[in-house]
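Chain identifiers are assigned alphabetically (A, B, ...) following the order of the sequence lines, protein sequences preceding nucleic acid strands; residue numbering begins at 1 within each chain.
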Amino acid sequence: MPDACMDQGASLRALTPRASLRLVAVIRHGDPRAELPLLWQLCSALDACGDRVAVLDASTPESQGHPGLLQLVDHTLWLSDLTQGTPAWPILPAALGLQALQHKGGAHDPDLQALGQLFKGYGVIVVYGRTEPLAHWLSACGATPLVAVSPAKATVLSAYQALKRMHQAGLAPTLVSLMDQADENAQQQAESVRQTMRHCAKTYLGCETDVLTIRSDPREEGLSDDIRRLALHLLENAVAICQDAVVPSWGTTGAQAPSIRSH
Amino acid sequence: MNIKRFHAATSREALAKARMAFGEGTLILSNRPTATGVEVVATAEDMLSSIVPEETQNTPMSLRAPAPAPKPTPKPTPAANTAAQKTPVEQDTEQLAMSTLSFQDYVRERMLRRRHEAMHGPSDMAFEQPAPPLSPSLAATLGATPAPAPAVSFAAAPAVAPTFQPHIPKAAPLRTRESAPAAPVSGAQAQGIVHELQAMKDLIEERFNTLAWLGQARQDPLQSNLMLKLIRAGYSPVMARACLERLPEDLSAAEAVRWLMDVLVRNLKTDADTRPLYEEGGIYALVGATGVGKTTTTAKLAAHCARLHGPGSVGLITLDTYRIAAHEQLRSYGRMLGVVAHLAHDRAALQDLLGLLSGKKMILIDTTGVAPRDPRKREMMDVLDLPGVKRLLVLNAGGHGDTNDDVMASFKTTGTQYAVLSKIDEAVKLGPVLDSVIRHQLTLRGVTNGQRVPEDWEAADAGKLVRASMRSAAKSAFDPKPADLSFFFSQPVSPSSLPDGVVDA
């Protein structure tokens, strides 16, 4: 093997931590018309950051015709078999596979190391699914899921239900109020959603929570600055899965403070 | 009542038609897609005020079209979404269809649409949510043409607006000597004359003092040699004179040199008595002129902190949206450290990020390099004006003395001012920068002596820096000869260049 070229960061590489996979979670609760485009944009932004992205769709079960994570966990298929011909990033059904990982490792210690080994070479895994099956799993991982609230009616209610469920599981999700347009009307709606969620969280759940306002136009092909910022925000709070051990989002382990993390 | 409908192929055309009809006071009541394009219902503002009750005037978008007699709506929240125009059954159908649509199917549809547009050019069909699949399985619909979406005009995705408008800085005004304004009345005129007389008196005194001092210095070869040594090392005549005026008598040559270096060391403030930056922690914004090494210094500090306290102890933010690939450069360093490098475009975004990273031991903020007289500098300083954010001025150690003075004066901040000297290895003379640091009373927190990350970083050692500055270098065309010394002191010294009590000798 030829020697690596010397550059100014040669010594820095000695400090580079072992390649780790980061786990990010996005909750599906009420409005797929807004959630799916947002998920698309987030995956694009994460991909643009230089990380290979894989999506685990926890709302879709695996089957013979649609193999997914379960087949990988059982070693009946290789990842390369499942990722052939995928349009953008590997999107695998994972409802049963995540349960299998949880059973393997235990209720409070899901076998994330196995997940890390299955997705070697990847930088980010995005888990997308409903609150109920994911809440305990995410809580055991120490993840910080993302809950997006669109301006459409009734999503505030479903978002609050998701927030409540996660709060009961000991999670402190990142809440995002979506603006699909840049006009004043959309801003007012987003602000109204933000205030409502904060008020409900404080009054009924007793927790202070902040809601980010993000502009996400599903029709746009390009990525807005808000989306890029949100993607980096998710990376910052991601669970790092190393080969040896799981390192939760930097600072805390287990139950996390809603908005302030101690180091 | 004058409410009109306007049909057009695109929203923009329909709005233009409405604006042509009603002028600048056009009020859009509704905007919905139709089979043939877009339908906009609009009226004039003054018409609305005459027909709509007062409590509903703030929510014009809640009126449904067509509305022969607008009624006050009980709901205060407007619903401008086109989905609001559909019947409940249609909404539920679409909701149900999307709810069964998996992300995989959604991605496939979107990629197909993108490929179609790439082959056939952007179509007029709206790029809305993907139409509900004809069958639960997307595989069955791949061969079929997609359901025709309502023919809403496709508004081309706006290019990401550049976040920075290039600005050509105006030429700096020439510095002119301040002169007292002409007094319009005799009393003020008399006062002006008094001021001028006082200034002339000060000038004459200063000249005589300088001549006396030069004469004394010439008579004392030791002082003369020390002065020459300081000037050749790059120190300013102001500093040289301030030090040597206080030189004790009856010192030998070696003792005099040692005394002089002790004075310089004592006046050069460093953080020798405190912990290094990366152990102390905090929020630091690295500021400075262009090309001084802010980003590389940021990476060095981050690496040292990560080495001691782990990658989770460091937060990296860049405000540099101007330099090409600035964020990418910091992200590359961050990737090597296992740290996410964030980008903030404005003060609000910076505040959000500081909140997100509040648990970190050290947060480093890389900024855009700006010239001291660049109008953007004020804007950048305002963004950094947040509680807890300390500024770290990065100075090129090889810079000219006047340039360093200009930089320090323009990046001056309240409270203790910290600095880092960069490119020590490239500087031929350290005298000019140390001279400026002493006169501006900055506190040095470290020096960088190379490009390697992270090893080319050292703690600021005053003794080492002063010794390096006084080391004899090779002959230079810029070095004065003994006979030239009088020219250095022939101009009066500005009283503001060295505040009283700055040099502790």
Atom pair CZ (B:F103) and CD (A:E35), whose distance is rounded to the nearest 0.5 Å | 11.5 Å

Chain A contact via B:A341 - which portion, at a heavy-atom distance below 4.5 Å | backbone

In terms of heavy-atom contacts, B:L343 and A:R229 come closest through O-CD, 3.9 Å

Please round to the nearest 0.5 Å and tell me the distance separating atom NE2 of B:H342 and atom CG of A:L232.
-> 6.0 Å

Once the angle between the rings of A:W40 and B:Y106 is folded into 0 to 90°, is it parallel (under 30°), tilted (30 to 60°) or perpendicular (over 60°)?
-> perpendicular

For A:E236 and B:V340, which heavy atoms make the closest approach, and how far apart are they?
-> OE1-CB, 3.5 Å

Of all heavy-atom pairs linking A:R22 and B:G338, the shortest is NH2-O, 3.8 Å

Among A:L212, A:T60, A:L39, the residue with the most heavy-atom pairs under 4.5 Å to chain B is A:L39

Proximal component of B:E455, with respect to chain A [non-hydrogen, under 4.5 Å] = side chain

Of the options B:L356, B:L353, B:D352, which is the one that meets A:H233 in a side-chain contact (heavy atoms from CB on, under 4.5 Å)?
-> B:L356

Side chain / backbone / both / neither for B:A303 at chain A, heavy atoms under 4.5 Å | both

Select one option (side chain, backbone, both, neither) describing which atoms of B:S332 are under 4.5 Å from chain A's heavy atoms.
-> neither

What part of A:A48 lies closer than 4.5 angstrom to a heavy atom of chain B: side chain, backbone, both or neither?
-> backbone

Checking A:Q8 side chain against B:V453 main chain: does a donor-acceptor pair fall under 3.5 Å?
-> no

Which residue out of A:G50, A:C49, A:A231 racks up the most heavy-atom pairs below 4.5 Å with chain B?
-> A:C49

Candidate pair A:L12 and B:R307, rule side-chain contact (heavy atoms from CB on, under 4.5 Å), full reasoning = CA-CA 10 Å; A:L12 195 60; B:R307 183 176 53 85; over 6 Å; no

